[in-house]
Amino acid sequence: MFKYFLCWRYLQTRYIALASVVSVMLGVATMIVVNSVMAGFAEKMQTRLHGVLSDVIVESMDMDGFSDHEEVRARIDEVAGRKIKAMAATMETVGVMKFEIGGGQPISRPVQIIGIKPLERAGTGDFAEFLVDDKGKSIEPNFKVSEEFRMAHSPAGMVLMDEPDDELFANDLREQAREQVPDFGAIVGYALASIRPPGSDKDLIILPPGSKINLVFPASGNKPKPGYDSYPVLGYFKCGMSEYDSQHVYVPLEQLQYMRLLGDGKGNGTVNQIQIKAMPGADLDELSMTIQVALERLRPGYFRVSTWEQKQGPLLAAVAVEQGILNLLLFFIIAVAGFGILAIFSMIVVEKTRDIGVMKALGASTAGVRQIFLFYGLLLGAVGSGVGMVGGLLFVRYINPIEGLLSKVMGRKVFDDSIYYFNEIPTLVRYPTVLWIVGGAMFIAVAASVWPAQRAAKLHPVQALRFE
């Protein structure tokens with residue numbers, strides 16, 4: 001019992017040990033906060049990536065695609081139908097988007113033009129959840145231009161809204177409105193259609209709904225020629241990943257097929273991708289392998305089947321490596337605290353040599369003296385880890401109010417939401433990771449006290465009593 005009493009007394013009276021406690025506390029708290037924020041960012045990024053990409057993607061080696069996609073879908077359904085919830089045919093190609101902003105200034109941007117059937121595509125991912133209007137409100141996944149939209153975004157329609165008395169004039173206006181705004185529109189990436197002025201915290205829409213965009217893309221043929229098409233802007237695709245928000249332009253599949261000379265504009269044409277939504281709980285790697293084997297028999301070497309994680313493998317791997325390196329660097333903080341405990345305990349052994357001699361002369365065993373220092377190290381580690389764990393979890397819990405306070409004090413935003421499109425700093429506390437951090441800190445504290453404890457335990461009582 002005397003061992004525990006001495007440890008508690010040393011903890012209360014040896015204020016130099018407070019430095020070790022603070023070091024362990026800061027190390028544990030920092031590791032918990034960094035791990036939680038990194039995990040939150042990684043989860044948010046994976047969720048958005050998975051929302052943009054379907055579970056499994058079948059792609060052709062040829063950008064012009066394959067016309068027998070119904071047969072391909074039937075083959076996929078035959079070998080893996082029970083594991084598949086939905087499929088969507090897609091045509092994807094590179095291109096250039098041209099548009100005009102204030103005063104007729106022409107702008108050109110490289111884009112990825114994606115032809116889809118919106119409701120079908122919405123069934124294979126979170127496509128519909130990323131569609132917004134210029135006010136940030138959700139819109140339906142639809143390319144068809146409504147009469148209300150045409151009236152509101154065409155000069156003739158605006159005149160027609162005043163309800164002219166002359167019916168012939170009204171009919172003429174309706175024809176002009178249809179010419180000015182076609183039956184189908186496009187959905188463009190939010191970053192393509194907006195800018196953030198310097199010093200502002202709000203985005204400025206430079207392509208409002210109804211704006212005309214012109215698309216240039218390669219048409220089919222032995223000698224590729226440019227294809228052209230134009231659309232009014234119906235809404236925006238905003239997933240929060242700049243790679244997609246700054247490049248994607250969604251248009252009707254049939255229209256893109258027709259303009260690329262790969263379809264008749266009535267649903268008969270080629271596609272170069274099939275997006276697949278798997279049933280909940282399905283093994284995506286196994287599903288993709290099954291589909292790959294089946295399509296190899298249909299057309300060897302032509303199809304490439306991959307999961308959404310395989311498509312984004314380098315990005316996900318980079319995030320994992322970054323998180324691992326940060327953990328390693330931050331763990332050095334706790335290691336430094338361990339060396340502090342080692343130095344402090346060595347000093348205590350030298351300072352308390354006579355006291356150790358008295359205890360051993362009164363009957364304290366070698367194991368008992370060793371246990372005093374080991375338990376003291378465990379106590380320092382437990383107190384530092386416990387306080388650090390509570391502090392770290394509280395910081396994570398209130399990290400966004402803290403960020404807001406720091407932004408006011410510093411006069412600028414600490415977390416700029418324009419970079420990630422996150423309304424707040426995402427966090428995810430993984431309690432097994434927290435336990436590993438706390439356990440690792442306590443282990444280092446005990447390990448650092450082993451050598452001083454062994455040194456104290458080996459002191460001879462007579463020599464210790466004669467120590468000056």
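The figures that follow rest on heavy atoms only: side chains count, while hydrogens, waters and symmetry mates do not. Predicted model, so just to flag it, every value in this text is computed and none were measured.
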*Give a yes or no on whether the ring-centroid distance for Y250 and F237 is below 6.0 angstrom.*
yes
*Between the main-chain N or O of D285 and the side-chain N or O of S288, is there a donor-acceptor pair closer than 3.5 Å?*
yes
_Checking the side chain of N268 only, and the main-chain atoms of D264 only, is there a donor and an acceptor separated by less than 3.5 Å?_
no
*Compare all side-chain heavy atoms of T90 with those of V271 and state whether any distance is below 4.5 angstrom.*
no
*Any side-chain heavy atom of I114 sitting closer than 4.5 Å to one from V251?*
no
*Quick one: pull up CG in N214 and CD in E100 and give me the separation to the nearest 0.5 Å.*
8.0 Å
*Using modelled atom types only, decide if a donor and an acceptor are shared between the side chain of D133 and the backbone of G136 within a distance under 3.5 Å.*
yes
_Worked check of side-chain hydrogen bond (donor to acceptor under 3.5 Å, both in side chains) between S108 and K98_ = CA-CA 4 Å; S108 299; K98 299 181 71 69; 2.7 Å; yes
*Hey, are the side chains of T307 and D55 touching, using non-hydrogen atoms and a 4.5 Å cut-off?*
no
*Just wondering, more than 12 heavy atoms not from E70 lying within 6.0 Å of its CD?*
yes
*Given the rule in the salt bridge (charged side-chain N to carboxylate O under 4.0 Å, His left out) test, do K238 and E129 qualify, once you have shown the distances and angles that lead to the verdict?*
CA-CA 9 Å; K238 185 179 181 181; E129 298 179 14; over 6 Å; no
*asked:* Check this for me: does any side-chain nitrogen of one of E120 and R73 sit under 4.0 Å from a carboxylate oxygen of the other?
replied: yes
*asked:* Looking at N272 and M63, would you say the former's side chain and the latter's main chain have a donor-acceptor pair under 3.5 Å?
replied: yes
*Near F66 CZ, under 6.0 Å, is it more than 12 heavy atoms from other residues, nucleotides or ligands?*
yes
*Determine yes or no for a side-chain-to-main-chain donor-acceptor pair under 3.5 angstrom, with R260 supplying the side chain and P218 the backbone.*
yes
*Nearest atoms (heavy-atom pairs only) where I205 meets Y190*: CD1-CE1, 3.8 Å
*asked:* Can you confirm whether Y398 is buried at OH, in the sense that more than 12 heavy atoms of other residues, nucleotides or ligands lie under 6.0 Å from that atom?
replied: no
*Write down the atom of C239, the atom of D245, and the distance for their closest heavy-atom approach.*
N-OD1, 3.0 Å
*Is a side-chain N or O of T124 found less than 3.5 angstrom from the main chain of R121, in a donor-acceptor match?*
yes
*Considering all heavy atoms, the nearest V94-Q112 contact*: CG1-OE1, 3.7 Å
*Evaluate side-chain hydrogen bond (donor to acceptor under 3.5 Å, both in side chains) for Q273 paired with E92, printing each intermediate quantity in order.*
CA-CA 7 Å; Q273 284 187 5; E92 186 169 335; 3.1 Å; yes
*Hey, are D68 and R299 close enough for a salt bridge, meaning a charged N less than 4.0 Å from a carboxylate O?*
yes
*Which atom names give the shortest non-hydrogen contact between G115 and L253, and what distance separates them?*
O-CD1, 3.5 Å
*Going by heavy atoms in the side chains, are V52 and H248 under 4.5 Å from each other?*
yes
*For F99 and K212, which heavy atoms make the closest approach, and how far apart are they?*
CB-O, 3.9 Å
*With side chains defined as the heavy atoms from C-beta onward, is the minimum distance between I187 and Y236 less than 4.5 Å?*
no
*asked:* Between P226 and F217, is there a side-chain heavy-atom distance shorter than 4.5 Å?
replied: no
*Side chain to side chain, L393 and I32, heavy atoms closer than 4.5 Å*: yes
*Between Q275 and S54: side-chain donor-acceptor atoms closer than 3.5 Å*: yes
*With respect to T270, which candidate in S220, S60, S67 satisfies the side chain to side chain contact (heavy atoms under 4.5 Å, CB included) definition?*
S67
*Any idea which heavy atoms bring D229 and Y231 closest together, and the distance?*
OD2-OH, 2.7 Å
*Do R109 and V96 have side-chain heavy atoms sitting under 4.5 Å apart?*
no
